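Note sheet for the following structure.
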Amino acid sequence: MSKNTISNSVIRRLPRYYRFLGELETNGYVRISSRELAEKMGLTASQIRQDFNCFGEFGQQGYGYNVAALKMEIGKILGLDQITPMILIGAGNLGKAIASHIDFKSKGFELVGIFDRNPAVIGDKIGDITVSDISEMDSFCEETKPQCAILCIPKEAASKEVDRLISKGVRAFWNFTHYDLRIEHSDISVENVHLGDSLATLSYRLNSDNETCGNI
Ligand code: NAI
């Protein structure tokens, strides 16, 4: 199956498989059956087999999966075997927290620059990166060619900065603003993050009498 035909829900499960397999590897597992993996992850064995079948044959009938090999294959599918340069725009409360607490390298990225327009934060160090003036972003992009940007600026500022970033070759956005990038740019990759949506989902689970279909 080509990568483009893989459903979003399968893609969204892959990081969780990757994380679980990493934990199994750390705990000394060499092989695992789809049934055992399903039990540990709160899924069904057929769901797991179906998911992995989207990408080819990973296991051997009756032998289960080789944990390290499967983790490596899923890592490759996720692109974690390469490191992509990434910049962060907006070094406010959220931007600082993300820059300080996300392990970018283990997710296939390297944070190479942080930009803000506020003189009060320009020059601050976050980890080993100094916050630069947003006016330097164009020349930085021309030199360093980051392919991805994290948006932690107000929604009102997003449109202009996104246009600038796209014109400098950025083609993927980890978007924390509530600006809908896809409306104007259909040819880029966007991962919108809305912590509030996650909280509302928790509210649904807490308050609903309905059985939900698992939590992934
Ligand atoms: P903040 O006000 O602490 O930080 C925003 C930073 O962006 C400031 O340092 C400001 O100087 C900078 N900035 C503004 N315009 C800029 C521009 N054109 N270029 C460069 N820098 C610029 O705000 P906070 O709390 O960090 O939130 C940032 C964004 O994230 C907001 O859009 C907010 O709504 C959103 N947010 C989203 C969440 C989510 O779950 N998706 C959760 C929390 C905040």
Side-chain angles (χ1 to χ4, degrees), residues 8-9 11-16 18-19 78-79 84-208 212 215-216:
N8 246 333
S9 47
I11 294 165
R12 290 207 179 277
R13 279 195 284 275
L14 290 182
R16 188 158 176 252
Y18 186 81
R19 185 160 43 81
L78 286 167
T84 303
M86 177 176 225
I87 56 175
L88 184 145
I89 321 297
N93 293 311
L94 185 64
K96 278 187 179 136
I98 288 172
S100 317
H101 296 295
I102 299 288
D103 178 6
F104 288 95
K105 288 221 169 106
S106 74
K107 306 288 177 284
F109 293 95
E110 181 178 9
L111 190 60
V112 294
I114 303 176
F115 298 88
D116 202 289
R117 68 171 185 190
N118 181 356
V121 297
I122 294 167
D124 282 0
K125 271 214 148 197
I126 306 178
D128 54 5
I129 301 180
T130 303
V131 179
S132 301
D133 191 321
I134 191 75
S135 66
E136 292 164 23
M137 188 174 73
D138 288 6
S139 55
F140 182 92
C141 288
E142 280 159 20
E143 225 168 88
T144 314
K145 305 201 181 334
Q147 291 168 46
C148 299
I150 311 169
L151 299 178
C152 293
I153 50 181
K155 182 181 180 185
E156 307 73 56
S159 171
K160 183 176 149 233
E161 301 308 342
V162 165
D163 287 350
R164 264 174 89 184
L165 288 160
I166 290 176
S167 77
K168 295 293 163 198
V170 171
R171 46 190 191 86
F173 291 86
W174 198 22
N175 179 27
F176 287 84
T177 75
H178 303 293
Y179 166 63
D180 193 345
L181 272 82
R182 284 215 197 264
I183 291 181
E184 288 173 43
H185 308 280
S186 56
D187 52 342
I188 52 169
S189 299
V190 182
E191 185 62 23
N192 295 311
V193 184
H194 296 292
L195 297 178
D197 289 2
S198 172
L199 192 57
T201 308
L202 181 63
S203 165
Y204 171 81
R205 294 221 171 92
L206 180 68
N207 295 304
S208 168
T212 53
N215 60 1
I216 64 164

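We count ligands from 1, going down the list as the structure has it; atoms in each ligand are counted the same way. Because the structure is predicted, anything quoted here is derived from the model rather than measured.
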Q.
Run the side chain to side chain contact (heavy atoms under 4.5 Å, CB included) test on V190 and H185 for me, step by step, so that the C-alpha distance in whole Å, both residues' side-chain angles and the decisive distance to 0.1 Å come before the verdict.
A. CA-CA 10 Å; V190 182; H185 308 280; over 6 Å; no
Q: Decide yes or no on side chain to side chain contact (heavy atoms under 4.5 Å, CB included) for I87 and C141, but give the supporting numbers first.
A: CA-CA 9 Å; I87 56 175; C141 288; 3.9 Å; yes
Tabulate below the donor-acceptor pairs under 3.5 Å that side-chain atoms of residues 143-160 make, not counting sequence neighbours, or state none.
from: T144; atom 1: OG1; to: F140; atom 2: O; distance (Å): 3.1
from: K145; atom 1: NZ; to: E142; atom 2: O; distance (Å): 2.8
from: Q147; atom 1: OE1; to: R171; atom 2: NH2; distance (Å): 2.9

Let me check something: any side-chain donor-acceptor pairs from residues 120-136 under 3.5 Å, sequence neighbours excluded? List them with distances.
from: D133; atom 1: OD1; to: S135; atom 2: N; distance (Å): 2.9
from: D133; atom 1: OD1; to: S135; atom 2: OG; distance (Å): 3.2

Check ligand 1 for N or O atoms under 3.5 Å from a protein N or O and list each pair with its distance.
from: ligand 1; atom 1: 3 (O); to: N93; atom 2: N; distance (Å): 2.9
from: ligand 1; atom 1: 3 (O); to: N93; atom 2: ND2; distance (Å): 3.2
from: ligand 1; atom 1: 9 (O); to: D116; atom 2: OD1; distance (Å): 3.4
from: ligand 1; atom 1: 9 (O); to: D116; atom 2: OD2; distance (Å): 2.6
from: ligand 1; atom 1: 11 (O); to: D116; atom 2: OD1; distance (Å): 2.6
from: ligand 1; atom 1: 15 (N); to: R117; atom 2: NE; distance (Å): 3.4
from: ligand 1; atom 1: 18 (N); to: E161; atom 2: OE2; distance (Å): 2.9
from: ligand 1; atom 1: 21 (N); to: R117; atom 2: N; distance (Å): 3.4
from: ligand 1; atom 1: 26 (O); to: N93; atom 2: N; distance (Å): 3.2
from: ligand 1; atom 1: 26 (O); to: L94; atom 2: N; distance (Å): 2.8
from: ligand 1; atom 1: 32 (O); to: I153; atom 2: O; distance (Å): 2.7
from: ligand 1; atom 1: 40 (O); to: L195; atom 2: N; distance (Å): 2.6
from: ligand 1; atom 1: 41 (N); to: F176; atom 2: O; distance (Å): 2.9
from: ligand 1; atom 1: 41 (N); to: V193; atom 2: O; distance (Å): 2.5

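Side chain of N175 to main chain of Y179: a donor-acceptor pair is present (N/O by atom type, distance under 3.5 Å, no hydrogens or angles).
Contacts classified as ring pair (Phe, Tyr, Trp, His ring centres under 6.0 Å) and involving residues 116-138 (residues at least two apart or in different chains) are not found.
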